[in-house]
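This report refers to the structure that appears directly beneath it.
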Protein chains: 2
Amino acid sequence: MHAETKDEMRDKILEAALKRFTHYSASKTTMNEIADDLHCSKASLYYYFPDKKGLHFAVLEKIGEIFISEQEAEGENIISAEQTLLNILEVKRQFLERYCRLELFKILNDNSEGTQRMIKEVKNREDALLARIIEYGVKIGEFAVDNPKQLAELYNQAMFGLRFAAVDCFQINTDIEAEHLEMILAQQKLLTEIFVKGLKYR
Amino acid sequence: MHAETKDEMRDKILEAALKRFTHYSASKTTMNEIADDLHCSKASLYYYFPDKKGLHFAVLEKIGEIFISEQEAEGENIISAEQTLLNILEVKRQFLERYCRLELFKILNDNSEGTQRMIKEVKNREDALLARIIEYGVKIGEFAVDNPKQLAELYNQAMFGLRFAAVDCFQINTDIEAEHLEMILAQQKLLTEIFVKGLKYR
DNA sequence: TTTTTGACTTTTTTAGTTTGTAAGTCAAAT
DNA sequence: ATTTGACTTACAAACTAAAAAAGTCAAAAA
């Protein structure tokens, strides 16, 4: 295995890791397996990443960026704020369908410095996007509220919380199970409708 | 230790167990400690309960009943549906403050037959109560919706989900931490306000 | 000079074992 | 009918050994 540039090789490794992770989950993937997939030696991986955790983190960064940028794309040209919120739900569902199997959080669940910052940053960008959407709604007269930022955060938390709605008992798991996805999405859509109506009147 | 009737003794045991659990958590409490507190032998406990799990389950039943009946009391004479929903949040907060330390779910978290049924029953009674409140709101013209049961379930799930709102990373825990309680309650109140507004208009 | 690698050491995980503590039983006593 | 002391059994934490995976590095290759 050889690539033109250093960055290119780094990307190839990330891609191979992500492929393994989505097939077999991150915790069941060894550095040797990734190296074998790339027909290179394990030592090479350590030339590009300081350690296994560093690789995990880089993968998290990669999919975090995909996750948030796909949502931000939906916010590029808003027609109706309500419709945009529903579109974002759909985008997030597709994302989850693609990546729910990698179970990165099983590993990065430690309250490690970097991971928390990463997650917080994604959350902040989501909050900011949602705030922009609500502010847009206010501007065009779709909504009548005076605290869009606060409401954006609340909405985001409420959508997140509904992940645990479908769970029968308290089998709580950070990584979502594909089976419940549809039911959760339905509840998220319904709550979005009510929430949006709640924003329309003072 | 001796009681007048069998039921009385059973209650005394439950009380002693609950006291231990709320002080030191269920998982750190031994049958011997409970027996010592009651100045009786451990063997006596096994005369009233089939095993440790049976005792745990009986305690869960007891506090489950407290949890739900306190909420149902709030629904007895509703003046405003919105105010009743806010009152229920307050009742739940007080309940959590009292019992958050017992950590029963740490133990009963297994997807055991009985526990799941118990939790489901409490959830159903909550859903039913909330549905009655929303239906009342519809009746007096406070709300304008045609699916109160569905909305009750959604509202219940959304409130439950907000428990996980305050958590920084994904430090998810079935038993709630006292510190976050106030922040969660604030978000629950805010969402209730928006939700209620969302129910007012078609 | 940058990148790769095989051979190496170190660390972590796993499976198996021991052991102390708590769960659970029971015949006898109240 | 209820309680109990003395007992056995079961489980969870603490070790241990072996295996597997992580991580290093000097030498080779590009």
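Quick note: numbers below take in every heavy atom, side chains included, and nothing from hydrogens, waters or symmetry partners. Bear in mind the structure is a predicted one, so any value in this text is a computation, not a measurement. Throughout, protein chains are lettered first and strands after them, A, B, ... in sequence-line order, and every chain is numbered starting at 1.
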Counting the atoms with a prime plus P, OP1 and OP2 as sugar-phosphate, which does A/F49 contact under 4.0 Å by heavy atoms, base, sugar-phosphate, or nothing? nothing
From [atom1] of [X] over to [atom2] of [N], roughly how many Å is that when rounded to an integer?
{"X": "A/Y48", "N": "D/dA22", "atom1": "OH", "atom2": "C1'", "answer": "20 Å"}
{"X": "A/L45", "N": "C/dT3", "atom1": "CG", "atom2": "C1'", "answer": "13 Å"}
{"X": "B/E8", "N": "D/dA1", "atom1": "CD", "atom2": "C1'", "answer": "16 Å"}
{"X": "B/R10", "N": "D/dT2", "atom1": "CZ", "atom2": "P", "answer": "13 Å"}
{"X": "B/Y47", "N": "D/dG5", "atom1": "OH", "atom2": "C1'", "answer": "18 Å"}
{"X": "B/D7", "N": "D/dA1", "atom1": "CG", "atom2": "P", "answer": "16 Å"}
{"X": "A/L55", "N": "D/dG23", "atom1": "CG", "atom2": "C1'", "answer": "13 Å"}
{"X": "A/H39", "N": "C/dT4", "atom1": "NE2", "atom2": "C1'", "answer": "16 Å"}

Restricting to side-chain contact (heavy atoms from CB on, under 4.5 Å), what partner residues turn up for B/Y47, sequence neighbours left out?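 If we apply the side-chain contact (heavy atoms from CB on, under 4.5 Å) test to B/Y47, skipping adjacent residues, the hits are B/K6.
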side-chain contact (heavy atoms from CB on, under 4.5 Å) filter on A/N147, not counting sequence neighbours, yields A/V145, A/Q150, A/L151
When the nearest nucleotide of DNA chain D is assigned to B/S41 and to A/E33 on a heavy-atom basis, which residue is associated with the more 5' position?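 The residue whose closest nucleotide sits nearer the 5' end is B/S41.
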How large an angle, rounded to 10°, do the end axes of the helix from C/dT1-D/dA30 to C/dT30-D/dA1 enclose when each is built from five base pairs?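 It works out to 40° between the end axes.
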Do the non-hydrogen side-chain atoms of A/K139 and A/I134 ever get within less than 4.5 Å of each other?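 No, side chains not in contact.
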Taking C-beta and beyond as the side chain, do B/R93 and B/L89 meet within less than 4.5 Å on heavy atoms?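 They are not in contact (no side-chain heavy atoms under 4.5 Å apart), so the answer is no.
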In B/S/- notation, 5' to 3', how is nucleotides 22-27 of chain C contacted by protein heavy atoms closer than 4.0 Å? SBBBB-
Can you name the closest pair of heavy atoms from A/I13 and A/I34 and give their distance?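 Closest pair (atom of A/I13, atom of A/I34, distance): O-CG2, 4.4 Å.
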Donor-acceptor list for residues 124-133 of chain A side chains, cut-off 3.5 Å, not counting sequence neighbours:
residue, atom, partner, partner atom, Å
A/N124, ND2, A/K120, O, 3.4
A/R125, NE, A/E72, OE2, 3.1
A/R125, NH1, A/E65, OE1, 3.1
A/R125, NH2, A/E65, OE2, 3.4
A/R125, NH2, A/E72, OE1, 2.9
A/E126, OE2, A/Q71, NE2, 3.4
A/E126, OE2, A/K92, NZ, 3.2
A/D127, OD1, A/N156, ND2, 2.8
A/D127, OD2, A/K123, NZ, 2.7
A/R132, NH2, A/G75, O, 3.4

How would you list all residue pairs meeting salt bridge (charged side-chain N to carboxylate O under 4.0 Å, His left out) that involve residues 18-31 of chain A, not counting sequence neighbours?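 Found A/R20-A/D37.
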Are A/Y24 and A/E33 close enough, and set up right, to give a side chain to side chain contact (heavy atoms under 4.5 Å, CB included), and what steps lead you there? CA-CA 11 Å; A/Y24 307 106; A/E33 286 170 337; over 6 Å; no
